[in-house]
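Written below as C-alpha cells is the structure these notes are about.
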Amino acid sequence: MLTKKTIITLFAAGAALCATAKPKAPADMDSFIDNLMSKMTLEEKIGQLNLPVSGILTGDAKSENVAENIRGGHTGGVFGVKGAAEIRKLQDIAVKESRLGIPLVFGLDVIHGYQTTFPIPLAQASSWDMSAIERMAQIAGDEASSSGINWVYSPMVDVCRDPRWGRIAEGPGEDPYLGAEIAKAMVRGFQGEDLKDKNTVMACVKHFALYGAPDGGRDYNTVDMSRQRLLNEYILPYKAAAEAGAGSFMASFNTFENIPATANSYLLTDLLRKQWGFDGMVVSDYTGVLEMISHGIGDYQTVAARALKAGTDMDMVSEAYKNTLAKSLEEGKVSMEDIDRAVRRVLEMKYRLGLFDDPYRYTDTKREAATVYKPAYREEARRLAAECMVLLENKDGVLPLKGAEKIALIGPLGNSAANMPGMWSVPDADRKPVSLYEGMKEVFGDKVRYAKGCDALADAELEKKVSPGQNPERTGQSAAEMKAEALKLAAESDVIVAAMGELSEMTGEGASRANIVVPEPQEELLKALKETGKPIVLVLFTGRPLVLTWEKDNLDAILNVWFAGSEAGGAIADVLAGKVNPSGKLPVSFPYHVGQIPVHYNSMMTGRPMPEGVSYIKYRSNYQDIPNQPLYPFGYGKSYTEFEISPVALSSSEMAPDGTVTASVTVTNKGAVEGKETVQLYIRDTVAESTRPVKELKGFEKVTLKPGESKEVTFTVTPDMLKYYNHDLEYVLEPGEFEIMAGPDSQNLSKALLTVK
Ligand code: BGC
C-alpha cells in the first residue's frame with residue numbers, strides 16, 4: 001500500500017517538474033496525473049468530483065460533515081470559505097490526513113471584488129473601459145488569492161435583455177460583443193500570465209448557457225430559444241472567455257431545448273469542448289444536479305449519471321456523484337471512462353494552479369494582511385467606481401454642483417453604508433463601505449445635510465425579505481415625520497440630492513421584479529420634493545434598468561450610480577463635485593414602459609417596421625400607447641462636456657470577402673472641460689439568407705479629449721464582423737450590402753454603405 005511518504009515524494013517529483021515547466025506543460029501534467037490516478041481507488045476518484053459548501057451559503061441546501069469528508073478523500077474542493085488561516089486548516093486535513101494527500105481547490109463568488117469591492121458587473125460594463133475592468137479583476141484576484149481562494153465563480157457573462165431578471169446586475173448587459181470584450185478582460189485580470197502565480201486565480205465562466213434569458217425574467221425559469229439565436233445573439237461572451245483561456249465553466253440552472261444545461265451534452269460537450277476546444281473543468285451550479293429531479297428528468301441516481309455523461313465534471317453541493325456514481329458504474333449507467341475523464345479534469349485544474357507544488361501557496365496570512373482592503377486598492381476602487389456612473393440627464397448644467405450651494409441629501413440610500421457595495425459582495429463586517437453622506441461630507445464639508453425622507457419600501461416585511469441578513473435600516477420614525485423633516489431640509493437648501501432607487505439586494509440571485517420602477521414611497525417623496533421648486537439631482541441606485549419616465553420629465557439631473565462598491569460614497573461625491581467627469585454609457589436599454597420588455601437595440605428586422613419619430617400607425621409593428629424606443633438607449637450616457645462626432649467615412653465603399661476596410665470618425669470636445677467619449681461602431685447586414693438584427697455593435701473606443709481637442713477614431717471592418725450563423729448554423733459571410741454606422745450611442749448614428757463583392 002502507498003504510504004504518506006511515497007505520496008509526498010510523488011508530489012515532490014511533480015513539484016520539481018512544475019518548477020522547470022512552462023505554464024501549460026501537458027506532457028508533464030499528463031504523466032503526473034496518470035501516475036496519481038493509477039493510485040486512486042474508485043471512491044477517491046469520485047471524491048474528487050464532490051464540491052461541498054462551507055461558510056457562505058448561496059442556496060437552501062447545506063453540506064454536512066465537510067471535514068470528515070475531506071479526511072476520507074470524498075472531497076475535491078470546498079467553496080464559500082474565506083481567509084488564509086481558515087483555508088489552511090481545511091487544506092491541512094486534505095494534505096496531511098487523507099490517504100493520498102491530494103490538495104483541495106477553494107472557490108468563492110468573487111463577483112465584483114473581494115474585500116475591496118468594485119461596482120457591480122453591470123456598472124463595470126458601463127465603463128466600456130476594458131483595461132479598467134481587467135484591473136478590477138486583477139485586484140480582486142490578488143486579494144482573494146492572498147486569502148486562500150484560488151478559484152473564483154466569475155466572470156458571469158450571461159447576456160440579458162430582460163431587466164426584470166435580478167441577475168442582470170451580475171452580467172455585461174444586453175450585448176454579446178460588449179459581453180465578449182468584458183469576458184476576455186476579466187479572464188485576463190483573474191488568471192494573469194500564469195495560473196501558478198500566487199496572486200492569480202482560476203476563472204469560472206458562468207452560467208453556461210443562456211441563464212440570462214429566462215421566460216418572463218423570472219429567475220430559474222425555462223429558456224426557450226433556437227440554436228441560431230443562441231449562436232448569433234448569446235454565445236459570444238462564453239466563447240470569448242473560453243478562447244481567452246478560462247480554466248473552468250459553470251453549467252447553468254436553466255434548460256436549453258428542454259434539457260437542463262447540467263445534463264445538456266450539446267452545450268457541455270458538442271459546443272464547449274468539441275467545437276471550441278475547451279479543455280478545462282466544468283462544475284455544476286449550486287445543487288444544479290439535484291435540481292434536475294424537480295425538472296422532472298430523473299431520480300437522484302439518474303440525474304447524476306446524466307450530468308456526468310453530458311460533461312459536468314464536478315458536482316456542487318448535491319453530493320449526487322458521491323452517493324450514486326459507484327452504483328451507476330456497477331449497473332453500467334456510467335462507464336469508468338466517464339468517471340476518469342471528469343477526475344482528470346479536476347486534477348488538471350489543481351495542477352494548473354500549482355497546488356501539487358505547494359498546496360499552501362494561497363494561505364500566507366502575512367500576505368493576506370498586507371493585501372486585502374489596502375488603502376492603495378481602495379483608492380483605485382474609488383477612481384474606477386466613478387468611471388462606471390452614467391449621467392442620464394443634466395438640464396441647465398445643474399451638475400456638477402458649484403460648491404457654494406447648501407445641499408439637502410435626501411432619501412433612504414443617502415446614509416446607508418450597507419447598501420453601497422451591491423449584491424453579492426463578500427467583505428467582512430468590519431470592512432465598512434463608505435456611505436454617500438460620508439463621501440459627500442468629505443467633499444462638500446458641512447454644506448451637506450441629510451434627511452432620510454422615507455423608507456425604501458412601503459412594506460417592512462418585504463423589505464426584510466429582499467435584504468436578507470441586512471439591517472433594513474428602519475429608523476422607527478413615521479412616514480409623515482420623515483417626510484416633514486425632508487421637506488424642511490429641502491426648503492432650507494439650494495439643491496436637493498435625492499439618493500433613491502433599489503436596495504442592493506433587490507437585484508442579484510432570486511431577485512426578479514415585475515414592476516421595475518423606483519419603489520413607491522420614494523417616488524412619492526420625489527413628487528413632494530418637486531413641489532418645493534428646488535433643483536433635484538437624482539442619484540439613482542439600481543442593479544437593473546428601471547422605468548424612469550416620470551423622473552426624466554421632472555427632475556433636473558439623473559446620475560445613475562448603480563451600486564458602486566465599497567468606495568461608492570466618495571466616488572459619487574467626486575462626480576457630483578465635477579472632480580470626475582462622468583463617462584459611463586449604458587450597456588443595456590432602459591425601457592420606456594415595462595410592457596416593452598424585452599426591449600433592446602439589436603432587435604430583428606420585422607416585415608412591418610415603424611418609421612422613426614412617428615406615433616402609432618395601424619398595421620405596423622408598434623404600440624398604441626407607447627413608443628417602440630426605450631427611454632434611454634443602449635450605449636447612451638452624457639458628460640459634463642459636449643462632443644461632436646463627424647459622419648463616418650469608409651476607406652472604400654467596396655470590400656472583398658477576405659479583405660478589410662477602415663471606418664473613421666473625428667471626435668471633438670466642444671465644451672469647456674476634459675472628458676471621455678466612447679465612439680461606437682454598429683453594422684447592419686441589409687440582405688441575408690436569414691433575417692438579421694437592425695444593427696449590431698462591432699467595435700468601440702473610449703477616448704479622452706481636452707477642451708477643443710479632436711481625435712480620429714478608426715475601426716477596421718473585418719470579414720468576421722460581417723459573418724453570422726445562418727439557418728444551417730454555418731458561420732458565413734454573405735456578399736452584398738452592409739450599413740456601417742458610428743456614433744455616441746445606438747440611436748444617434750451616421751452611416752455609410754459598404755458592398756462586399
Ligand atoms: C449561483 C452561482 C454561484 C453559486 C455558488 C449559485 O446559486 O447561481 O452563480 O456561483 O451559487 O455560490
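Each ligand, and each atom within it, is numbered from 1 in the order the structure gives.
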Quiz item: Under 4.0 Å from ligand 1, counting heavy atoms only, is it the side chain of Glu170, its backbone, both or neither?
Solution: neither
Exercise. For Lys206, take its heavy atoms, then give the atoms of ligand 1 lying under 4.0 Å from any of them.
Key: 2 (C), 3 (C), 9 (O), 10 (O)
Quiz item: With a 4.0 Å cut-off on heavy atoms, is Met156 touching ligand 1?
Solution: no
Quiz item: So is Tyr153 polar-close to ligand 1, meaning N/O to N/O under 3.5 Å?
Solution: no
Quiz item: Any cation-pi pair here, Arg229 with Tyr234, using under 6.0 Å and within 45°?
Solution: no
Exercise. Using a strict cut-off of 4.0 Å, indicate which atoms of ligand 1 neighbour a heavy atom of Asp285.
Key: 1 (C), 2 (C), 3 (C), 4 (C), 6 (C), 7 (O), 8 (O), 11 (O)
Practice problem: Using a strict cut-off of 4.0 Å, indicate which atoms of ligand 1 neighbour a heavy atom of Tyr286. | Solution: 6 (C), 7 (O), 11 (O)
Self-check item: Whether Phe249 and Tyr238 hold their rings parallel, tilted or perpendicular, with breakpoints at 30° and 60°
Solution: tilted
Practice problem: Report the relative orientation of the aromatic rings in Phe253 and Tyr211; use parallel for angles under 30°, tilted for 30 to 60°, perpendicular for over 60°. | Solution: perpendicular
Quiz item: Are Met250 and ligand 1 in contact, using a heavy-atom cut-off of under 4.0 Å?
Solution: yes
Quiz item: Under 6.0 Å between ring centres, would you say that holds for Phe634 and Trp128?
Solution: yes
Practice problem: State if Tyr220 counts as touching ligand 1 under the rule of any non-hydrogen atom under 4.0 Å. | Solution: no
Quiz item: In Å and rounded to the nearest 0.5 Å, what is the CG to CD1 distance from Asp142 to Ile139?
Solution: 8.0 Å
Quiz item: What atoms in ligand 1 come closer than 4.0 Å to a heavy atom of Phe79?
Solution: 5 (C), 12 (O)
Quiz prompt | Nearest-0.5 Å distance, NE2 of residue His112 to CE of residue Met186 | solution = 10.0 Å
Exercise. Could you walk me through whether Arg367 and Ser145 pass side-chain hydrogen bond (donor to acceptor under 3.5 Å, both in side chains), step by step?
Key: CA-CA 10 Å; Arg367 187 186 143 219; Ser145 62; 2.8 Å; yes
Quiz item: Hey, does Trp424 come in under 3.5 Å of ligand 1, counting only N/O atoms on both sides?
Solution: no
